[in-house]
There are 2 protein chains.
Amino acid sequence: MKIEILNSNEKRSLQKEVIAKVRTLINEKNLEPGDKLPSERMLSEKFEVTRSTIREAIQKLEFYGLLKSIPQSGTFVANIGVIAMNGMIDDILRLEVPNFKSLVETRILLELKTARLASLRRTDEDLIKMKEALDAYSKKVLNNEIAVQEDLLFHLAIARACGNSTMNTFMLIITPEIITNFKKYHVCDDQLAYSAINEHKQIYNAIKEQNPQLAKQKMKEHFKELYRYCYNVNEI
Amino acid sequence: MKIEILNSNEKRSLQKEVIAKVRTLINEKNLEPGDKLPSERMLSEKFEVTRSTIREAIQKLEFYGLLKSIPQSGTFVANIGVIAMNGMIDDILRLEVPNFKSLVETRILLELKTARLASLRRTDEDLIKMKEALDAYSKKVLNNEIAVQEDLLFHLAIARACGNSTMNTFMLIITPEIITNFKKYHVCDDQLAYSAINEHKQIYNAIKEQNPQLAKQKMKEHFKELYRYCYNVNEI
DNA sequence: TTTCAATAATTGGTTAACCACTTAGAATTC
DNA sequence: GAATTCTAAGTGGTTAACCAATTATTGAAA
C-alpha cells in the first residue's frame with residue numbers, strides 16, 4: 001500500500017488511471033453483467049493505490065450506472081453489457097469541464113422544453129410558486145437591486161412545474177455554474193433586467209393559460225439577448 | 001456523537017434532514033457567499049450525527065454548487081447568494097427518482113439537439129468513431145443478436161461529436177438507466193432493430209454532409225416509434 | 001503601539017482498525 | 001448421500017485517530 005499526498009489535479013488524474021485499470025480488468029477477466037469485481041482491498045493492492053482512491057473511482061462509475069456496490073457483499077458489473085461499458089468509460093475519461101457556452105446552450109435547450117411542458121402540466125401550487133418568484137424578481141429590479149438569484153429562481157420554478165424530474169435535476173446542476181459565470185462576465189446589467197420583468201410575466205401568463213406554443217415562444221424571446229451575448233464571450 | 005446503523009433509505013432521509021438543518025443554520029446565522037460554515041466536527045455534534053453523515057451531506061451540496069470545501073481551511077458558502085441557496089435546497093430536497101418517461105423525454109430532447117450540433121461541429125475523427133459504432137450495430141442486428149448496447153454507443157458517439165460537454169455528460173448520465181429500462185420493458189424488438197439500421201445510416205449521412213436540419217429530422221423519425229411506445233408504458 | 005516571527009489550535013482529508021452482514025464450505029445430523 | 005446447521009473467512013461501510021496545511025494567538029522586539 002502506497003501513501004498518497006496529492007493535490008486535487010493529481011488526485012483527479014490518479015482516479016482516471018484507476019478507472020482505466022478497472023476497465024482493463026473487466027475486459028481481461030471477461031466480466032459480464034452481474035459478475036463480481038475483486039474486493040476493494042485486493043484492487044488497492046493490485047493497483048498500488050489506497051483503498052480510498054479505489055472507493056472514489058468505484059463511486060464515480062456507480063454514479064454513471066456502470067457498477068453497483070452492495071454492502072457486505074461486493075461490487076458488481078451493472079446490467080448494461082461489456083461493450084456499452086467500454087464505450088462509456090472511454091467517454092467518461094475524456095469528459096471535459098463544461099465551459100460557459102456549453103452551459104448556456106444546454107440551459108436554453110432545457111428551458112424551452114420545461115416552459116412548454118410546464119404549460120401543459122403545471123398544478124395550481126406550481127403556479128403560486130412561480131408567481132412568488134416573479135414578484136420577488138420584479139420588486140428587486142424596480143428597487144435597482146441585483147436580482148440574478150431571483151431571476152434564476154423563477155426559471156427553476158418553471159423547471160419544477162414541468163413534471164420531468166430528469167430535466168429538473170439537470171437544471172439544478174447547471175444553475176449554480178450559470179450564476180457564477182453571469183457574475184464573472186457581468187451578464188444581466190440593468191437594461192436587460194428591466195425588460196426581463198415583462199418577459200417573465202409573459203412566460204408566466206402563457207403557462208397559466210396552458211398555451212405551450214406561446215410559452216416556448218416567449219421563453220425564446222427572453223433568451224434572445226442572452227444567446228447573442230454568450231456567443232460573443234471570449235473565454236480564457 | 002451518535003452511532004448510526006441504517007439501511008440505505010434511512011440513510012437518504014437522514015441526509016435530507018442534515019441538508020435541511022444546514023440550510024436553517026445558514027439562514028439563522030445570516031451566512032453570505034464566502035462565509036465559513038462551522039467545522040464538520042462541530043456540525044456533527046450540533047446535529048447529533050456522525051461526521052461521515054455531515055461530510056456526505058456537504059458533498060451533495062458541493063455537487064450542486066452550493067458549498068465549497070477547502071482542505072485544511074473550512075467549508076464555505078458558494079458565490080450564489082442566500083436566496084438562490086434556499087430555493088435550490090428546497091428543490092434538491094424534493095427531487096424524485098427519475099421515471100422511465102422522464103428519461104426518454106429528456107433523451108429525445110437532448111438527441112435532437114446533439115444530432116443537429118454534431119452535423120455542424122463534428123471532426124473527421126468523430127465521423128470515424130460514428131461509422132465504427134454504426135457498423136458494429138448493423139453487424140449484430142443482421143446476425144440476429146441483441147444490439148441495445150451498440151445502438152446506444154452510436155448515439156453516444158453523436159453526443160461526443162456535438163461539441164457540448166454538458167450535453168455529453170447528461171447523455172452519459174441517462175444512458176445506463178435507459179438501457180436498464182429498455183431491458184425491463186422489452187423495448188427494441190427485432191422489427192424495430194432492423195428498421196433502425198437504415199435510420200442510423202441516414203442520421204450518419206446527414207451529419208457527414210453537415211446538414212443540421214436533415215440530421216435533426218432523421219433523428220426525430222428514428223425516435224417516432226420509441227416515443228409512441230414509451231408513452232404507453234404503464235409503470236409500477 | 002505596531003510588527004512580525006513563533007507557536008498552538010483548528011481545519012478538511014486520509015487511513016488503519018473495526019463493524020455488521022454475507023457467503024461459502026466444513027461439519028453434523030438424519 | 002442429502003439436507004441442514006455451524007463456523008470462519010471475506011465483504012463494503014464506518015469510525016476514531018492521525019496528517020499536513022491553515023489560521024488564530026501569543027509575545028517579544030522595535
Side-chain angles (χ1 to χ4, degrees), chain A residues 1-15 17-19 21-22 25-26 29 31 34-79, chain B residues 1-15 17-19 21-22 25-26 29 31 34-79:
Chain A
M1 182 110 55
K2 231 173 170 177
I3 303 285
E4 296 163 8
I5 302 173
L6 305 171
N7 65 34
S8 61
N9 278 338
E10 293 168 331
K11 203 173 144 186
R12 202 172 315 140
S13 87
L14 179 62
Q15 193 188 77
E17 275 180 46
V18 172
I19 289 176
K21 283 177 182 170
V22 168
L25 182 138
I26 289 174
K29 294 207 173 185
L31 297 185
D35 286 352
K36 190 158 89 170
L37 260 66
S39 72
E40 295 177 352
R41 289 167 182 82
M42 286 181 63
L43 289 177
S44 85
E45 217 167 299
K46 189 176 168 73
F47 298 160
E48 292 184 324
V49 296
T50 63
R51 202 180 141 199
S52 309
T53 309
I54 297 286
R55 279 180 66 79
E56 279 166 32
I58 287 175
Q59 274 162 21
K60 181 150 190 178
L61 292 176
E62 214 175 342
F63 173 79
Y64 283 105
L66 302 181
L67 297 179
K68 176 72 186 160
S69 280
I70 296 177
Q72 284 83 45
S73 180
T75 302
F76 299 84
V77 178
N79 189 27
Chain B
M1 179 113 55
K2 230 175 172 178
I3 304 285
E4 294 164 9
I5 303 173
L6 304 171
N7 65 34
S8 62
N9 278 337
E10 291 168 333
K11 203 173 146 187
R12 202 172 315 140
S13 86
L14 179 62
Q15 192 188 79
E17 275 180 47
V18 171
I19 289 177
K21 282 178 182 170
V22 168
L25 181 139
I26 290 174
K29 295 206 171 184
L31 297 184
D35 286 352
K36 190 160 91 170
L37 260 65
S39 72
E40 296 177 352
R41 288 167 183 81
M42 286 181 65
L43 290 177
S44 84
E45 216 168 302
K46 190 176 168 71
F47 298 160
E48 293 184 321
V49 294
T50 63
R51 201 182 143 200
S52 309
T53 308
I54 296 287
R55 280 180 66 78
E56 279 166 32
I58 287 175
Q59 275 163 21
K60 181 150 191 177
L61 292 176
E62 215 174 342
F63 173 79
Y64 284 104
L66 302 180
L67 297 178
K68 174 74 186 159
S69 279
I70 296 178
Q72 284 82 45
S73 180
T75 302
F76 300 84
V77 177
N79 189 27

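None of these values were measured; they are calculated from a predicted model. Chain identifiers are assigned alphabetically (A, B, ...) following the order of the sequence lines, protein sequences preceding nucleic acid strands; residue numbering begins at 1 within each chain.
Summarising the geometry of A:Ala78 relative to A:Gly65, their closest heavy-atom pair is CB-O, 3.2 Å, with the distance given to 0.1 Å.
B:Thr50 and B:Ser44 share no donor-acceptor pair across their side chains, judged by distance under 3.5 Å alone.
Listed nucleotides: D:dG13, D:dA17, D:dT14. Nearest to the side chain of B:Ser52: D:dT14.
A:Glu40 pairs by the side chain to side chain donor-acceptor pair (under 3.5 Å) definition with A:Arg51, A:Arg55, not counting sequence neighbours.
The distance between atom CD of B:Glu56 and atom P of C:dG12, rounded to the nearest whole Å, is 16 Å. Separating the CG atom of B:Leu61 from the P atom of C:dG12 is a distance of 14 Å, rounded to the nearest angstrom. Between the CD atom of A:Glu45 and the P atom of C:dT15 there is a distance of 15 Å, given to the nearest Å. Going from atom CG of B:Leu37 over to atom C1' of C:dT10 covers 15 Å, rounded to whole Å. Atom-to-atom, CZ of A:Arg51 to C1' of C:dC19 comes out at 11 Å; the value is rounded to the nearest Å. B:Gln59 places its CD atom 10 Å from the C1' atom of C:dG12, with the value rounded to the nearest Å. Distance CD (A:Glu10) to P (C:dG13): 16 Å, rounded to an integer number of Å.
Taking 4.0 angstrom as the limit, B:Lys11 places a side-chain polar atom (N or O) nearer than this to OP1 or OP2 of D:dT14.
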Steps toward side chain to side chain contact (heavy atoms under 4.5 Å, CB included) verdict (B:Tyr64, B:Lys60):
CA-CA 7 Å; B:Tyr64 284 104; B:Lys60 181 150 191 177; 4.1 Å; yes
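Around NZ of A:Lys21, the count of heavy atoms belonging to other residues, nucleotides or ligands within 6.0 Å exceeds 12.
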Considering only nitrogen or oxygen atoms on both sides, find all protein atoms under 3.5 Å from nucleotides 6-11 of chain D and state each distance.
residue, atom, partner, partner atom, Å
D:dT11, OP2, A:Ser39, OG, 3.4

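A:Glu56 places no side-chain N or O within 3.5 Å of a backbone atom of A:Gln15 that could act as its donor or acceptor partner.
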